[in-house]
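The structure appears below as structure tokens.
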Amino acid sequence: MRKKHRVVVVALGGNALIKPGETGKLPEQLRNMDNAMKHVAMLVKRGWKLILTHGNGPQVGDILLQNEMSKNAVPPMPLYVCVAESQGEIGYMIQETLYNRLHKLGIDKPIVTVITQVLVDRNDSAFRKPTKPIGPHYLRKSAMPRGWHFMKSKMGFRRVVPSPEPVRIVEADAIRKIMDKAIVIACGGGGVPVVRGRGEKGLVGIDAVIDKDLTAGKLAEIVKADMLIILTDVDAVELNYGKPNQRKLKRVGLSEIKKYYEEGHFAEGSMGPKVEAAMRFLEKDPKNRNKRKVIITSFDLLEKAIEDKAGTIIVR
Ligand code: ADP
Ligand code: MG
């Protein structure tokens, strides 16, 4: 029997919410978010059951800078608390702009943000080799807080943190229960990273950044989504990206894109994890995977991409 409502997970790219030349002032972010929600609302209108997730790079960077600059007046919070703060901040912006867009379409649906923890393995090799740059650039060594890892950047030094694999979404059950009644926003910024504490300690937060696309793939898996849509600042996935023989991928099968992935067409840390998330999602759940679809495109092309007329569409 066919399910009544098909389920879609939409991942919003953090970089598309603060555009080049913008500083991230609230009206700018709300305007960009409103533009995103204009397109996303159409999915709800077409009857899709919607679950949203989002990146947080620029926003959590700002929160870290605020913590760093006011640390002598207010106790600074660790990175994982800053991630939770950014889930609240961005979740609110989505709730408000999506509410307004749905209201204009005559749709009245509850929208809920779930502060989400994502379990990572404390033995993940990422903890031995931090690679993900975050937060402000430091100009002088003397200004760099002790105990952190740094790498040289264009403007001095930048903190780097581990980027471990998402293992389990702690609030998975809560998300599955709420999604029948409401549009859910979850796993923002890849989730608040937690590990199992030693002894009787239960879960404890840890300073790391989980890739938001890999977590989005996991989210799509646990809600048994029919479709995963990754919205970013490019129209499609390209082969030979940035080279004269660059070429857009339109509709592509799993084994074909896997081959391109192995040939190194998709940059680590940007397009790489999106394609990786797509491949994992299409490999899981043997009963349903043949009906699954992944779209990677820009916000403005969402409606066209749903009709197979734009973006990159990946199927099994
Ligand atoms: P997001 O915030 O949406 O995760 P990212 O910057 O991480 O955005 O990823 C999108 C970027 O990936 C694009 O702006 C583009 O510069 C880069 N990119 C790397 N490889 C490719 C490729 N093969 N095709 C298209 N874009 C690519
Ligand atoms: Mg990214």
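Remember, it's 1-based here, ligands and their atoms both numbered in the order they're listed.
Within the 4.0 Å heavy-atom cutoff, G55 does not count among the residues contacting ligand 1. Contact analysis leaves P273 out of contact with ligand 1, as no non-hydrogen atom separation drops below 4.0 angstrom.
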N56 and E89: CA distance, side-chain angles, deciding distance, side chain to side chain donor-acceptor pair (under 3.5 Å) verdict: CA-CA 10 Å; N56 70 344; E89 172 182 355; over 6 Å; no
Derivation of the side-chain contact (heavy atoms from CB on, under 4.5 Å) call for I313 and V252: CA-CA 6 Å; I313 296 160; V252 53; over 6 Å; no
Steps toward side chain to side chain donor-acceptor pair (under 3.5 Å) verdict (E85, Q59): CA-CA 10 Å; E85 284 181 33; Q59 293 84 357; over 6 Å; no
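A salt bridge links D285 with K224: the closest approach of a Lys/Arg side-chain nitrogen to an acidic carboxylate oxygen falls below 4.0 angstrom. Ionic pairing of D235 and K304 is not present here: no N-O contact between side-chain nitrogen and carboxylate oxygen is shorter than 4.0 angstrom. Using a cut-off of 4.0 Å between Lys/Arg side-chain N and Asp/Glu carboxylate O, K218 and E165 are scored as not salt-bridged.
Close approach of ligand 1 to G269 (heavy-atom distance below 4.0 Å) involves ligand atoms 7 (O). Atoms of ligand 1 found under 4.0 Å from any heavy atom of K212 (numbered from 1 in listed order, with element): 1 (P), 3 (O), 4 (O). Below 4.0 Å from some heavy atom of F266 lie the following atoms of ligand 1, by number and element: 23 (N). For ligand 1, the atoms lying closer than 4.0 Å to a non-hydrogen atom of A236 are 25 (C). Those atoms of ligand 1 with a heavy atom of G13 less than 4.0 angstrom away are 1 (P), 2 (O), 3 (O). Each of the following atoms of ligand 1 lies closer than 4.0 Å to a heavy atom of D233: 10 (C), 11 (C), 13 (C), 14 (O). Every atom of ligand 1 is numbered from 1 in the order shown, and the set under 4.0 Å from a heavy atom of G14 is 2 (O).
Looking at atom 6 (O) of ligand 1, its nearest protein heavy atom turns out to be N15 ND2, 3.3 Å. Atom 17 (C) of ligand 1 has S270 OG, 3.7 Å as its closest protein atom, hydrogens excluded (heavy atom only). Of the protein's heavy atoms, Y241 OH, 2.9 Å lies nearest to atom 16 (O) of ligand 1.
Relative to atom 26 (N) of ligand 1, the option among M271, E238, H54 with the closest non-hydrogen atom is M271.
Between Y261 and H265, a ring centre-to-centre spacing not shorter than 6.0 Å is recorded.
Using a 4.0 Å cut-off between heavy atoms, T232 contacts ligand 1 through both its backbone and its side chain. For K274, every heavy-atom contact with ligand 1 shorter than 4.0 Å involves the side chain, none the backbone.
Under 3.5 Å, the side chains of D300 and H39 contain a donor-acceptor pair of N or O atoms. Neither side chain, Y99 nor Q95, offers a donor N or O lying under 3.5 Å from an acceptor on the other.
To the nearest 0.5 Å, the span separating CG on D34 from CE on M37 amounts to 9.0 Å.
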